[in-house]
Each structure stands twice: as structure tokens, then as C-alpha cells.
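Computed from a predicted structure; not experimentally measured. So you know, we letter chains A, B, ... as the sequences are listed, proteins then strands, and number each from 1.
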There are 2 protein chains.
Amino acid sequence: MVGASYPGGMNTPDDDWLRLDQQICFSLHAASRAFNGVYRGILKDLGLTYPQYLVMLVLWEHDELPVKKLGEHLRLDSGTLSPLLKRLEAAGLVRRERSARDERSVEVRLTEEGVALRGRALQVPRRIASSTGFGPEEIRALRARLDDLTTALDAAALADPPGGSPADERP
Amino acid sequence: MVGASYPGGMNTPDDDWLRLDQQICFSLHAASRAFNGVYRGILKDLGLTYPQYLVMLVLWEHDELPVKKLGEHLRLDSGTLSPLLKRLEAAGLVRRERSARDERSVEVRLTEEGVALRGRALQVPRRIASSTGFGPEEIRALRARLDDLTTALDAAALADPPGGSPADERP
DNA sequence: CACAATTGAGTTGTGTGCAATTGAATGGTG
DNA sequence: CACCATTCAATTGCACACAACTCAATTGTG
């Protein structure tokens, strides 16, 4: 009734694209959530959620930086980070203090506990990698593809924005 | 202070995996959200969110099926679908009615409006595909990789479950 | 120096996503 | 037939994401 699928062997281009589109968005969505699920199981021991783990990864490398920079690394805004960091602070893993230089900025810094947690986290990547069944080279290739995709999608989002066109910048 | 990055040419395996892991989980996470953002911009015209669009895609192909089946197609449970379907019903796109055969089951069916929306949605895939900058073949290859990944991750999640081991099934 | 524009966190509201629970309906077993 | 385990949808509670907004601090300009 709805599909009214093509009567003959003719391809209706739109239907064709629709099918393809369904596959790619399904696949990405499903892969993302499957990954999330595996991380959830493994990170439960550390008392971290998946996004919290991403934050800790950045902090283990930089160990002190403002919320703004953290957001740039993770592509997250304060609306997501503020409550997340509050939870990490409540868990005793990080401390937040306003910068002396710029009172608007809040510096996030690992506590002793936060630093110590890194030791227990070292085994996580190995377990994740083995869960994927992919070798290092496959992972690298897939990562590169995904980064290409993200770059292209970001560029497209800027060109065809949710809020308005670039021409709107000067009202 | 924390990183204590390897002094010489020596690779600390754990650190190496940690770095790699960060890249793959960052990449997948970022790609998923970038995709979501592009869909959001394009779907705004249709008054749909990205997950709602996924549900509509399934319904446009099957046009009547129980919540359970919908969840199997989308890998979502009733906790996610129930409120989502309520919103689609409030928007006048679907109707929900309990099955006559099995009173536990709820049949989801497109309304006239829901059927009509498909016409306006036909242009969406083309816009998405062009946003990715990928050709059909690249998309197909990426999709296949992601599906492999999902399959492997699901299998691993079952073997190393969040709730308990398979041996726990018979207490 | 005064004042407008910008920047950075935080808050609010909406919409997922998922674990855990509830409650009704169904099916199998004795 | 009675009873118990299973199934399905819905609900509850928690944690992201993100848009839109608020508020304070800073910067740029006259």
C-alpha cells in the first residue's frame, strides 16, 4: 500500500537511495550503540560511563585543562560537560576550580584518585580491541574512514546549518 | 606528569593500545554525532528527530507491525520506543492499538499523514549522501565494515555480559 | 574610562538509550 | 482446571547530547 514498490525492473532512484541510506544510518547507529554497550560492561568495574571514560582519557594525557579545551577535544559543549564533570567531581576523580587569570574559565584537574585510576584503565583498550575481533590495521583503516566521514559531515553541517546559513552571520 | 610518555623508542604496549583505543572510540563517537547533526538539520523540515526517522523508515517498508518487531529491526527496547512512539502518535503520524490476537502486543500502523510524509522524505537520502562526500561504493564498503564490527561487538557483549555470565542463566 | 560585543560556564527543556521493575496476558505443565 | 514461568509493553531512574538561554568576566572601541 505504501511501498508501491517499483512494478518492473526499473529502479526508482529515490527508492534506491532511500534503501542505501537506511543501511548506512542503521549501521552507524547500531555500531555506535554496540560499542557503547561493550564499553559499559567493561567500564562498570571502574565506575565510569563511556563518555566519562573519554573525558578521563583526555585528562590522563593533559591532566589539567579548562572546560573549553576539553570540549574541543571531545566535541562536546558545556551543556553536556558541566553535569558530567560534576559527577566526576562527586566521584572524587577530578577537581574544578576557576582560573585565576580568567575568572570565566574553569580548570579541570585530576585528583590523586583520578591519576591512580589510569592504572586500572590500562587493561581496558586490550579488552575492547579483542571484542572487536579486528586487528590493529583494520582498526586504523576504519578509524581513518570514520574521520573522513566526520570531516565531510561537519563541513556539510556548516554549509547547510541547523540554525541558519553562513550569510546570516551579519544581520 | 601523568603521561610520562615513553622516554626512548620503546613502546609500552598498554600505552600503545590506549592511544589506539582512544582514536577508534573517539572516531566512532564523533562520526555518530556528526551524522546525527546532519540528519537533525535535514529532518527539521519534516518535524522528525533522527531516531524517529529511523522508525518511520521501517514503517514505510512494513507499514504495520508490533512494537516488538520494530524493536528488533532497530535494536531498541520498549523503554526507548514507547515514549518515542507516543510522540509520533501525538504528531499524528502513527496509530497504536492493542492486537486482537494477543492483548500483550501493540500494533503500530501509519496514518494517512504518516504515509504522506514518505513523499517529502524521499529527498532526504540524497542530501545525506551528498553530505558525506562518499560515493555509493564507499558507503557500501563502510557499511559492511560497521556491520562486521557490530556483529563482533554483540557477540563479545554476550560472552562478557554487563549483567552476568551465560552460566548464570540457570540459577 | 565607559560601553557594547564577545566569551565561557552553567542551567533548562526536550529527546533519546538502557537497566530494572511493574503489570497484564499467554502458554505450558501437572 | 490451576499454577507458574514467560512474554510484551509501559514506566521509572539515570546519564548523555544539544539547542536556547542566563549571567558574569573579558575584550575591543571610541
Side-chain angles (χ1 to χ4, degrees), chain A residues 29-30 32-41 43-44 47-55 65-72 74-91 96-108 157 161-164 169-171, chain B residues 29-30 32-41 43-44 47-55 65-72 74-91 96-108 157 161-164 169-171:
Chain A
H29 204 59
S32 175
R33 287 185 294 120
F35 231 120
N36 204 314
V38 170
Y39 270 106
R40 194 196 327 279
L43 292 175
K44 206 177 41 175
L48 294 175
T49 67
Y50 179 53
Q52 287 167 8
Y53 172 71
L54 296 182
V55 168
L65 73 177
V67 174
K68 184 69 192 307
K69 291 288 182 192
L70 201 50
E72 286 170 4
L74 297 168
R75 305 165 138 277
L76 293 173
D77 66 4
S78 67
T80 300
L81 286 176
S82 288
L84 190 157
L85 290 170
K86 250 198 248 185
R87 281 186 281 271
L88 286 182
E89 188 172 42
R96 292 181 302 155
E97 31 194 59
R98 300 214 89 96
S99 165
R101 293 186 224 307
D102 189 339
E103 292 274 346
R104 292 171 303 180
S105 181
V106 168
E107 301 285 333
V108 182
E169 282 180 36
R170 297 256 158 244
Chain B
H29 205 59
S32 176
R33 287 186 294 121
F35 231 119
N36 204 313
V38 170
Y39 270 106
R40 194 195 329 276
L43 292 176
K44 206 177 41 175
L48 293 176
T49 67
Y50 179 53
Q52 287 166 8
Y53 172 71
L54 296 182
V55 168
L65 75 177
V67 174
K68 183 70 191 306
K69 291 289 182 192
L70 201 50
E72 286 169 6
L74 296 168
R75 305 165 140 279
L76 293 172
D77 66 3
S78 67
T80 299
L81 286 176
S82 287
L84 190 157
L85 290 170
K86 252 197 247 185
R87 282 185 280 270
L88 287 182
E89 187 171 44
R96 293 179 303 154
E97 32 194 58
R98 301 213 88 97
S99 165
R101 288 186 227 308
D102 188 339
E103 292 275 344
R104 294 170 302 179
S105 180
V106 168
E107 301 285 334
V108 182
E169 281 180 38
R170 297 256 158 244

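Atom NZ in A:Lys68 sits roughly 19 Å away from atom P in D:dA25 (whole-Å rounding). The OH atom of B:Tyr53 sits 15 Å away from the P atom of C:dT16 (whole-angstrom rounding). Summarising the geometry, the separation between CZ on A:Arg104 and P on D:dC23 is reported as 17 Å, rounded to the nearest angstrom. Rounded to whole Å, atom P of C:dG8 lies 13 Å from atom CG of A:Leu65. When rounded to the nearest whole Å, the span between OH of A:Tyr50 and P of D:dA15 equals 18 Å. If you take OH of A:Tyr39 and P of D:dC16, they are 15 Å apart, rounded to a whole angstrom.
The side chain of A:Arg33 places an N or O atom within less than 4.0 Å of a non-bridging phosphate oxygen (OP1 or OP2) of C:dC18. Contact annotation: A:His29 does not reach the phosphate of C:dT16 (side-chain N/O to OP1 or OP2, under 4.0 Å). At D:dA9, one or more side-chain N or O atoms of B:Ser105 fall inside 4.0 Å of OP1 or OP2 (strictly under the cut-off). The phosphate of C:dT16 (OP1 or OP2) has a side-chain N or O of B:Arg87 nearer than 4.0 angstrom. Between B:Arg96 and D:dA10 there is a side-chain polar atom (N or O) within less than 4.0 angstrom of OP1 or OP2.
Residue-to-nucleotide contacts include a donor-acceptor pair under 3.5 Å from the side chain of B:Ser78 to the base of D:dA10.
Counting non-hydrogen atoms under 4.0 angstrom, A:Leu81 reaches nothing in the nucleic acid. Among the heavy atoms of the strands, none lies under 4.0 Å from A:Pro83. Within 4.0 Å (heavy atoms only), A:Lys86 reaches sugar-phosphate atoms of the nucleic acid but no base atom. Contact annotation for B:Asp102: backbone-only contact, meaning every heavy-atom pair under 4.0 Å involves sugar-phosphate atoms and none involves a base. Nucleic acid contact for B:Thr80: base, since at least one base atom lies under 4.0 Å from a heavy atom of the residue.
B:Glu103 pairs by the salt bridge (charged side-chain N to carboxylate O under 4.0 Å, His left out) definition with nothing, not counting sequence neighbours. In this view, A:Val67 and A:Leu81, A:Leu85, A:Val106, A:Val108 satisfy the side-chain contact (heavy atoms from CB on, under 4.5 Å) rule, not counting sequence neighbours.
Ring to ring, A:His29 and B:Tyr50 are close: their centroids are under 6.0 angstrom apart.
Closest of all the heavy-atom pairs between A:Tyr53 and A:Leu48 is CA-CD1, 4.2 Å.
Minimum atom distance to the side chain of B:Ser82 is reached by D:dA10, of the listed D:dA10, C:dT16, C:dC18.
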